[in-house]
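First comes the structure, then the notes that go with it.
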Amino acid sequence: MNYSNQYLNLGKRVLVLELIIAIVFIGAITIITNNTNSALSALFGGVLVISSTLVYFYVAFRKGVIANSNIALKRHKIAMILKFSTNVLGFALILSLFKDCNFIIFIAAYVITLSGYWLSLIKK
């Protein structure tokens with residue numbers, strides 16, 4: 001496997017694992033609480049993580065992997081800033097527009113889905 005495919009496969013693995021974790025958590029919250037607001041709160045927490053991860057991978061790897069370390073670092077920095085901005089904007093929008101948001105479940109879904117990012121990095 002060449003260097004470029006290694007990073008693309010890592011990106012796919014991160015997204016797939018985050019998606020699986022989000023779906024399982026949303027399903028569990030829906031079954032346990034039987035409450036639409038709780039289910040939507042979990043959904044929004046998971047979607048926020050997945051969308052910010054998509055932004056990162058799009059910006060960092062949209063033109064493939066670059067051998068020049070300065071350009072690669074610049075892309076990574078821009079991607080991280082945009083990922084952070086996506087998270088801040090997402091939190092602001094969700095919490096301002098969804099007044100019935102169950103904040104504890106929203107944050108739990110966010111953190112648990114985000115754990116998929118770290119879990120996929122340690123998995124070989």
Side-chain angles (χ1 to χ4, degrees):
M1 172 177 357
N2 68 23
Y3 199 63
S4 181
N5 284 340
Q6 178 184 2
Y7 285 102
L8 294 177
N9 288 338
L10 175 63
K12 289 176 188 175
R13 190 169 66 213
V14 168
L15 287 169
V16 167
L17 190 55
E18 285 181 349
L19 186 61
I20 290 169
I21 290 171
I23 290 170
V24 169
F25 186 77
I26 294 164
I29 289 297
T30 304
I31 291 169
I32 292 168
T33 64
N34 198 22
N35 183 329
T36 305
N37 287 335
S38 296
L40 284 174
S41 299
L43 175 68
F44 290 144
V47 166
L48 182 56
V49 171
I50 293 168
S51 62
S52 64
T53 302
L54 283 170
V55 167
Y56 174 81
F57 281 111
Y58 176 75
V59 173
F61 300 114
R62 73 173 169 229
K63 294 180 183 175
V65 176
I66 300 293
N68 184 327
S69 61
N70 289 330
I71 294 173
L73 181 61
K74 183 178 177 182
R75 276 193 198 171
H76 171 70
K77 287 179 180 179
I78 292 170
M80 289 303 291
I81 289 169
L82 289 174
K83 181 178 180 176
F84 179 77
S85 301
T86 302
N87 279 307
V88 170
L89 182 62
F91 269 99
L93 284 173
I94 291 166
L95 296 177
S96 65
L97 298 177
F98 183 36
K99 299 294 182 189
D100 294 332
C101 180
N102 185 331
F103 187 71
I104 301 297
I105 291 177
F106 173 69
I107 291 296
Y110 180 84
V111 170
I112 289 170
T113 304
L114 190 60
S115 71
Y117 181 83
W118 298 299
L119 290 173
S120 65
L121 296 176
I122 60 175
K123 178 186 171 200
K124 288 281 180 174

Are [X] and [Y] linked, directly or through other ILVMFWY residues, by side chains that come within less than 4.5 angstrom of each other?
| X | Y | answer |
| --- | --- | --- |
| I122 | V16 | no |
| M80 | Y117 | yes |
| I32 | V24 | no |
| I23 | L54 | yes |
| V111 | V49 | yes |

I need the minimum non-hydrogen distance between [X] and [Y], along with the two atoms involved.
| X | Y | value |
| --- | --- | --- |
| G46 | T113 | CA-OG1, 3.7 Å |
| I105 | S41 | CG2-CB, 4.3 Å |
| I29 | A39 | CG2-N, 4.2 Å |
| I50 | A22 | CD1-CB, 4.2 Å |
| I21 | S115 | CD1-OG, 4.2 Å |
| G45 | A109 | CA-CB, 4.1 Å |

Exercise for the section: Answer whether the closest heavy-atom distance between the side chains of I94 and L97 falls below 4.5 Å. Expected result: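 With C-beta onward as the side chain, the pair stays apart.
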
Problem - Under the side chain to side chain contact (heavy atoms under 4.5 Å, CB included) test, residues paired with S52 that sit two or more places apart - result: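 S52 satisfies side chain to side chain contact (heavy atoms under 4.5 Å, CB included) with K83, T86, N87 once adjacent residues are dropped.
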
Practice task
Applying ring pair (Phe, Tyr, Trp, His ring centres under 6.0 Å) between F44 and each of Y110, F98, F91, F25, report the one that passes.
Solution key: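 Answer to the ring pair (Phe, Tyr, Trp, His ring centres under 6.0 Å) test with F44 among Y110, F98, F91, F25: F98.
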
Exercise for the section: For Y58, look at atom OH and say whether over 12 heavy atoms of other residues, nucleotides or ligands are found less than 6.0 Å away. Expected result: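 Count not over threshold, so no.
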
At what distance, to the nearest 0.5 angstrom, does [atom1] of [X] lie from [atom2] of [Y]?
| X | Y | atom1 | atom2 | answer |
| --- | --- | --- | --- | --- |
| I20 | L15 | CD1 | CG | 11.0 Å |
| N37 | N102 | CG | CG | 8.0 Å |
| S120 | K12 | OG | NZ | 14.5 Å |
| I31 | I26 | CD1 | CD1 | 12.0 Å |
| L89 | L82 | CG | CG | 11.5 Å |
| H76 | I81 | NE2 | CD1 | 10.0 Å |

Practice task
Classify the ring geometry between F103 and F106 as parallel (under 30°), tilted (30 to 60°) or perpendicular (over 60°).
Solution key: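 Rings of F103 and F106: tilted, 30 to 60°.
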
Handout entry: side chain to side chain contact (heavy atoms under 4.5 Å, CB included) between W118 and L114, intermediate numbers included
Key = CA-CA 7 Å; W118 298 299; L114 190 60; 3.6 Å; yes

